[in-house]
Amino acid sequence: LHLCDRRQRQMCIRDSLKKDGIHAVFHYLSLHKSKYAQKHHLDEAYLPMSDYYTERLVRLPMFYSMSDEDVNRVVYSILNFFD
């Protein structure tokens, strides 16, 4: 599975999922940049890979009460995007 750069993720994947009626969001924050980390001076950590993935993560609507049909719809939408 290939990781998209920020622009591709925001423009392509989101739009593709939206066409399939799937709401995906992109608001992940590296833990070392959180308010807790800032309060405890953990924000000074140098974690380039955390920042790299922060820019590329897509949060999919997956949760325990989803039906198998809904899960499959999300999975197939992602697979079709990368096909």
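None of the values given here were measured: they were computed from a predicted structure.
Summarising the geometry of P61 relative to M66, their closest heavy-atom pair is O-SD, 2.8 Å, with the distance given to 0.1 Å. Closest of all the heavy-atom pairs between K33 and Q38 is O-NE2, 3.4 Å. Minimum interatomic distance between G21 and R73 (heavy atoms only, all atoms of both residues): O-NH1, 3.7 Å.
When atom types are taken as modelled, the side chain of R14 and the backbone of V58 share no donor-acceptor pair closer than 3.5 angstrom. The backbone N or O of L31 sits less than 3.5 Å from a side-chain atom of S34, completing a donor-acceptor pair. Of the possible polar contacts, one joining the N80 side chain to the Y76 backbone as a donor-acceptor pair under 3.5 Å is found.
Between F81 and D15, every side-chain heavy-atom pair lies at or beyond the 4.5 Å cut-off. Contact of the D70 side chain with the M62 side chain is not registered, since no non-hydrogen atoms from C-beta on lie closer than 4.5 Å. Looking only at side-chain heavy atoms (C-beta outward), S30 and L47 stay at 4.5 Å or farther from each other. A heavy-atom distance below 4.5 Å is found between the side chains of L60 and L17.
The CD1 atom of I22 lies 12.0 Å from the CD1 atom of I13; values are rounded to the nearest 0.5 Å.
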